[in-house]
Amino acid sequence: MSVRVRFAPSPTGQVHIGNIRAAIFNWLFARHNGGQFLLRIEDTDRERSTPEAVQTILGAMEWLGLNFDETPLYQSTQHGQHHEAAEKLLAAGRAYKEDKGGTGQGECILFRMPGTDMGFHDEIKGDLLKKAEDMKDFVIVRSDGSPVFHLANVVDDITQGITHIIRGDDHVENTFRHVALYQALGAPVPRYAHLPMIVNAQGKPYSKRDGAAYVGQFRDMGYSADALFNYLTLLGWSPGEDREKMTRDEIIAAFTLDRVKSSPAQMDIRKLTHMNGLYLADLPLDIFAAGVRRHLATLDWGQALDETLFMKVCRLMQSRTPLFVQSESWKYFFVDPLDYDEKAVHKTLRKEGVKAALETIRDHLAGCDFSEVGIQQAIRSSEAALGSGEGKLNQTIRIAVTGVTTGAGIYETLCVLGRERSLTRFNNTLTTQLGAP
RNA sequence: GCCCCCAUCGUCUAUCGGUUAGGACAGCAGGUUCUCAACCUGUUAAGAGGAGUUCGACUCUCCUUGGGGGUGCCA
C-alpha cells in the first residue's frame with residue numbers, strides 16, 4: 001500500500017511555525033517512502049476562513065518547497081460526504097440525536113463511543129490506551145446542521161485515502177474518538193504519529209508573543225527557506241549522527257518516524273540564525289544577491305542600485321551576513337552623505353592630529369594604484385610619513401569613509417567604493433565632521 | 001478534579017544495559033585580523049529525586065516531583 005499523507009490547515013491567518021513543521025514532517029515522510037503528500041484546506045469555518053489566508057498557506061508551502069501531489073481538497077466542498085456519514089452512523093445506531101444539555105438550541109447529533117477500552121499504536125509515542133469510562137460520546141453535527149471537526153476531518157481523510165496521520169501532540173486525545181469513528185464507518189484505521197510541540201522558554205506552546213512565529217515573518221527577516229526547513233527538521237528529530245546541516249535529499253533519505261522525539265522542543269532563534277548564516281555563505285553569488293535585492297527593495301535607498309557596485313558589495317559582504325536583513329547596514333556603500341556614528345566620530349576622529357592624518361592619507365590614495373594591494377601600500381606609506389604604527393589608522397579611515405566602525409576589511413571596502421568616491425568622502429568628512437576645510 | 005503524555009549540558013540533540021555520556025547553538029578563553037563578524041583551537045556545562053530488576057543502569061519497572069496536553073454544539 002502506498003503512503004498517503006496530508007497537511008490540513010485552516011485558512012484563518014498566518015501559517016504558524018508549528019503547523020508548517022507538521023507539514024514538513026508529513027512531506028518528508030511521503031518523500032522518504034515514495035508516497036503522496038496531499039493538501040486539504042479546512043475552510044469550514046466560514047466566519048474566519050479567507051481566500052487571502054489560502055494564498056498565504058500556498059505561498060508558504062511553495063517558498064519552503066513543500067510540493068503536494070494532487071489538487072488541494074477544500075473541506076467546504078465535502079459537506080455532502082459529511083452528512084452522508086452522519087446519516088450512516090445514525091442508521092447504524094452509532095449516533096443519536098439529542099438536545100444536549102437541554103439548552104433549547106435544538107437537536108445535535110452525537111457519536112456513540114463503543115463503550116469498551118480502546119487503544120492505538122502511535123508511531124512516535126508507542127501504544128496508547130484509554131479506558132471506556134474515560135471516553136464520552138461527542139457531538140459530530142451541531143444543531144445548526146454543520147459538521148464538527150472530528151467528523152469532517154475523519155471523513156475527509158477517508159475520502160483522500162490517507163494512510164498515515166502525522167500531526168501535533170495536541171490531537172492525541174482526539175485520536176481515540178477518530179479511531180472509533182473510522183471503525184464505525186467501516187473504514188481502515190490509518191497509522192498515527194503525534195509530533196511533539198514547539199514550545200517557548202516557559203514550556204508553553206510557542207506563540208507569536210514569543211517572537212517570530214509565522215513563516216512569513218521568518219521570510220521577511222531574511223531567513224532562507226532551506227535554512228528554516230533544515231532547522232525545523234531538527235526540532236524533535238535527528239538523523240542519529242552528528243550531522244545537522246543537511247541537504248534536502250539527505251534529510252529525506254534519513255527521515256523516519258521512529259527517530260522523532262516525543263518530548264517538546266524549544267525554539268532557539270540563535271541556532272536558526274547561525275544555520276542561516278551557513279546557508280547564506282554557501283549560496284551562489286547571484287542567488288545571494290537576489291535575496292539581498294528583495295530586502296533592500298523595501299528601503300527608500302535600496303531600489304535602484306548601481307548593478308556593478310551592488311554585485312561587488314554582495315561579493316564582499318556575503319560571508320559576513322547571517323541574515324538578509326543585515327544588508328540594510330550596507331547603506332554607506334551606496335548613499336551620500338554618510339550617516340555618521342556620532343560616538344565613533346567623537347571618539348576617533350575628533351582627536352589631535354587626525355585632520356592632518358586624513359589629509360595625508362587622502363593625498364597618498366589620490367596617487368596610488370587603487371587596487372586592494374595598492375591601497376594597502378598607500379596607507380602604509382602614509383603611516384610611515386606620519387610616524388604612525390602599521391594599521392593604527394585603519395579604523396580612523398573606516399569611519400571617515402563609511403561613518404561606522406564595523407564592516408569588511410578596509411582595503412577591500414575602499415576598493416569597492418572606488419577612488420573618486422573615497423576621496424570625496426575624505427573631503428566631506430574633513431569639512432563636515434572636523435570643521436575647517 | 002479526572003484522563004493522557006513528557007523528563008540527558010542554558011537550548012536542540014546522540015546514546016537503543018557496560019562510553020572519559022558525544023555533537024551543535026549559546027557562553028567563556030585564546031589564535032587569526034585594520035574593525036565587526038566569519039573561521040580555527042581550547043574550555044565551562046547534563047542523566048530531576050527515590051526505590052527496585054541486574055554482575056552492571058541515563059537506558060527496564062514502580063513511586064515522587066516538575067512540565068505539558070486533553071477534558072467544548074473550537075480546531
Side-chain angles (χ1 to χ4, degrees), chain A residues 8-10 12 19 42 44-45 48 75 98-101 103 105-110 122 124-126 128-131 133-136 138-150 152-153 167-177 194 196-199 201-205 231 233-245 258-259 261-275 277-278 280-281 317-322 326 329 344 348 376 379 383 389-399 402 404-414:
Chain A
S10 296
T12 54
N19 284 117
E42 301 210 331
T44 42
D45 187 339
R48 297 190 299 150
Q75 189 162 66
E98 184 184 296
D99 178 6
K100 191 169 178 251
T103 52
Q105 292 176 74
E107 289 190 321
C108 57
I109 302 176
L110 285 92
D122 189 287
I124 294 168
K125 295 178 168 309
L128 300 175
L129 306 169
K130 197 86 159 174
K131 293 198 189 65
E133 63 260 36
D134 294 325
M135 296 180 289
K136 290 187 292 195
F138 59 98
V139 174
I140 53 176
V141 179
R142 298 184 189 90
S143 51
D144 68 2
S146 61
V148 167
F149 161 75
H150 304 294
N153 193 262
R167 61 188 359 175
D169 233 349
D170 47 338
H171 283 298
V172 175
E173 305 280 326
N174 288 334
T175 305
F176 295 97
R177 297 168 163 183
H194 289 93
M197 306 279 252
I198 296 178
V199 299
Q202 287 71 242
K204 307 278 186 190
Y231 175 75
T233 268
L234 261 16
L235 272 190
W237 175 85
S238 88
E241 46 187 307
D242 297 333
R243 214 163 31 133
E244 298 203 322
K245 185 167 184 284
D258 61 347
R259 292 213 58 85
K261 294 253 297 184
S262 54
S263 53
Q266 196 173 311
M267 183 79 184
D268 184 356
I269 199 90
R270 290 174 305 185
K271 185 156 182 170
L272 203 210
T273 303
H274 175 264
M275 180 165 277
L278 301 181
L280 294 201
M317 302 302 281
Q318 179 171 7
S319 71
R320 55 206 312 133
T321 306
Q326 295 208 349
S329 70
T348 307
Q376 183 166 359
I379 291 174
E383 286 161 349
E390 244 185 47
K392 292 284 188 253
L393 293 169
N394 284 341
Q395 203 56 353
T396 307
I397 299 169
R398 177 185 302 283
I399 295 164
T402 69
V404 295
T405 56
T406 63
I410 189 60
Y411 315 127
E412 295 93 315
T413 300
L414 282 166

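- Distance, A:Trp237 CH2 to B:A14 C1': 13 Å, rounded to whole Å.
- Taking atom CG on A:Leu235 and atom C1' on B:A24, their separation rounds to 13 Å, with Å as the unit.
- A straight line from CD of A:Glu133 to C1' of B:U71 spans 15 Å, rounded to a whole angstrom.
- Remark: B:U54 base-pairs with no nucleotide in the shown strands. Criterion, Watson-Crick or G-U wobble with two distances under 3.5 Å.
- Nucleotide B:G70 holds its C1' atom 11 Å from the NZ atom of A:Lys136, rounded to whole Å.
- In this structure, a donor-acceptor pair under 3.5 Å is absent between the side chains of A:Thr321 and A:Gln326.
- Checked by atom type, the side-chain pair A:Tyr411/A:Asn394 shows a donor-acceptor distance below 3.5 Å.
- Considering only the side chain of A:Ser143, B:C73 comes nearest among B:C34, B:C73, B:G10.
- A:His194 comes within 4.0 angstrom of no nucleic acid atom, judged by non-hydrogen atoms across all strands.
- For the OP1/OP2 pair of B:A75 and a distance below 4.0 Å, the side-chain nitrogens and oxygens of A:Arg142 include at least one atom meeting the criterion.
- Distance check on atom C1': B:G23 versus B:C9 gives 12 Å, rounded to whole Å.
- Using N1 to N3 plus N6-O4 or O6-N4 for Watson-Crick, or N1-O2 and O6-N3 for G-U wobble, each under 3.5 Å, B:U41 pairs with B:A29.
- To the nearest angstrom, P of B:C25 lies 13 Å from OH of A:Tyr231.
- Counting any heavy atom pair closer than 4.0 Å across all strands shown, A:Thr405 reaches a base atom.
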Determine, step by step, whether A:Thr175 and A:Leu128 satisfy the side chain to side chain contact (heavy atoms under 4.5 Å, CB included) criterion, reporting the C-alpha distance in whole Å, the side-chain angles of both residues, the deciding distance to 0.1 Å, and the verdict. CA-CA 10 Å; A:Thr175 305; A:Leu128 300 175; over 6 Å; no

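- Residue-level contact check: A:Pro205 touches the backbone only, with heavy atoms under 4.0 Å from sugar-phosphate atoms and none from bases.
- Listed candidates were B:A75, B:G10, B:C12. Nearest to the side chain of A:Arg270 is B:G10.
- Using a 4.0 Å heavy-atom criterion, one finds that A:Arg259 contacts the sugar-phosphate atoms exclusively.
- Among the heavy atoms of the strands, none lies under 4.0 Å from A:Asp45.
- A 6.0 Å sphere centred on CZ of A:Arg243 holds more than 12 heavy atoms belonging to other residues, nucleotides or ligands.
- A donor atom on one side chain and an acceptor atom on the other are not found under 3.5 Å apart for A:Arg398 and A:Thr402.
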Run A:Arg177 and A:Met135 through side chain to side chain contact (heavy atoms under 4.5 Å, CB included) and show every step you take. CA-CA 8 Å; A:Arg177 297 168 163 183; A:Met135 296 180 289; over 6 Å; no

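- With B:U11, B:G69, B:C73 as the candidates, the nucleotide lying closest to the side chain of A:Met197 is B:G69.
- Separating the C1' atom of B:A51 from that of B:A57 is a span of 14 Å, rounded to the nearest Å.
- With a 3.5 Å ceiling on both atom-pair distances, the Watson-Crick or G-U wobble partner of B:A24 is B:U11.
- Residues A:Leu234 and A:Met275 meet the side-chain proximity criterion, which asks for heavy atoms closer than 4.5 Å.
- You'll find the side chain of A:Pro322 stays beyond 4.5 Å of the side chain of A:His274, heavy atoms only.
- Comparing the same atom, P, in B:U8 and in B:G47 gives a spacing of 11 Å after rounding to whole Å.
- The residue A:Gln266 sits close only to the backbone: its heavy atoms come under 4.0 Å of sugar-phosphate atoms, none of a base.
- At whole-Å resolution of the value, CD in A:Glu241 and P in B:A14 are 12 Å apart.
- B:C63 and B:C2 have their P atoms separated by 15 Å, given to the nearest Å.
- Nucleotide B:A48 has B:U64 as its partner under the Watson-Crick or G-U criteria, with both atom distances under 3.5 Å.
- If you check every strand for non-hydrogen atoms under 4.0 Å, A:Ala281 touches nothing.
- For A:Asp170, whose side chain is taken as the heavy atoms from C-beta onward, the closest listed nucleotide among B:G23, B:G69, B:U35 is B:G69.
- Counting heavy atoms from C-beta on, the side chains of A:Cys108 and A:Val139 come closer than 4.5 Å.
- Where A:Cys108 and A:Gly236 each meet RNA chain B at their nearest nucleotide, the meeting point lying more 5' is that of A:Gly236.
- Proximity of A:Asn174 to A:Phe149: side-chain heavy atoms (C-beta onward) are separated by under 4.5 Å at one or more points.
- Rounded to a whole Å, the NE2 atom of A:His274 is 14 Å from the C1' atom of B:U11.
- Taking the P atom of each, B:C34 and B:G42 are spaced 24 Å apart, rounded to whole Å.
- Taking the P atom of each, B:A14 and B:G31 are spaced 36 Å apart, rounded to whole Å.
- At the heavy-atom level, A:Glu42 lies under 4.0 Å from the strands shown only through sugar-phosphate atoms.
- Within 4.0 Å of A:Gly407, counting heavy atoms only, lies at least one base atom of the nucleic acid.
- With respect to the salt-bridge test (charged N to carboxylate O, under 4.0 angstrom), the residues A:Lys131 and A:Glu133 do not qualify.
- Relative to the side chain of A:Thr406, the nucleotides B:U35, B:G23, B:A75 differ in distance, and B:U35 lies closest.
- Base engagement by A:Ile410 is indicated by at least one non-hydrogen atom pair under 4.0 Å involving a base atom.
- The partner of B:U59 cannot be assigned: no Watson-Crick or G-U wobble pair with both contacts below 3.5 Å exists in any strand.
- Base pairing of B:C2 is made with B:G70, judged by Watson-Crick or G-U wobble geometry with both donor-acceptor distances under 3.5 Å.
- Between the CZ atom of A:Arg48 and the C1' atom of B:C74 there is a distance of 7 Å, rounded to whole Å.
- Base contact: A:Tyr411 has a heavy atom under 4.0 Å from a base atom.
- Comparing the same atom, P, in B:A48 and in B:U13 gives a spacing of 16 Å after rounding to whole Å.
- One finds a side-chain N or O of A:Lys204 lying less than 4.0 angstrom from the OP1 or OP2 phosphate oxygen of B:G68.
- Counting non-hydrogen atoms under 4.0 angstrom, A:Gly106 reaches a base of the nucleic acid.
- Base contact: A:Glu412 has a heavy atom under 4.0 Å from a base atom.
- Closest to the side chain of A:Asp99, out of B:A75, B:C73, B:G22, is B:C73.
- Counting heavy atoms from C-beta outward, A:Arg167 and A:His194 have side chains that approach closer than 4.5 Å.
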Can you tabulate the close N/O pairs, meaning under 3.5 Å, that link protein atoms to atoms of nucleotides 4-7 of chain B?
residue, atom, partner, partner atom, Å
B:C5, O2', A:Lys125, NZ, 2.9

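- Residue order along RNA chain B, read from the 5' end via each residue's closest nucleotide, puts A:Leu234 first among A:Arg177 and A:Leu234.
- Atom P of B:G72 sits at a distance of 43 Å from the matching atom of B:U53, rounded to the whole Å.
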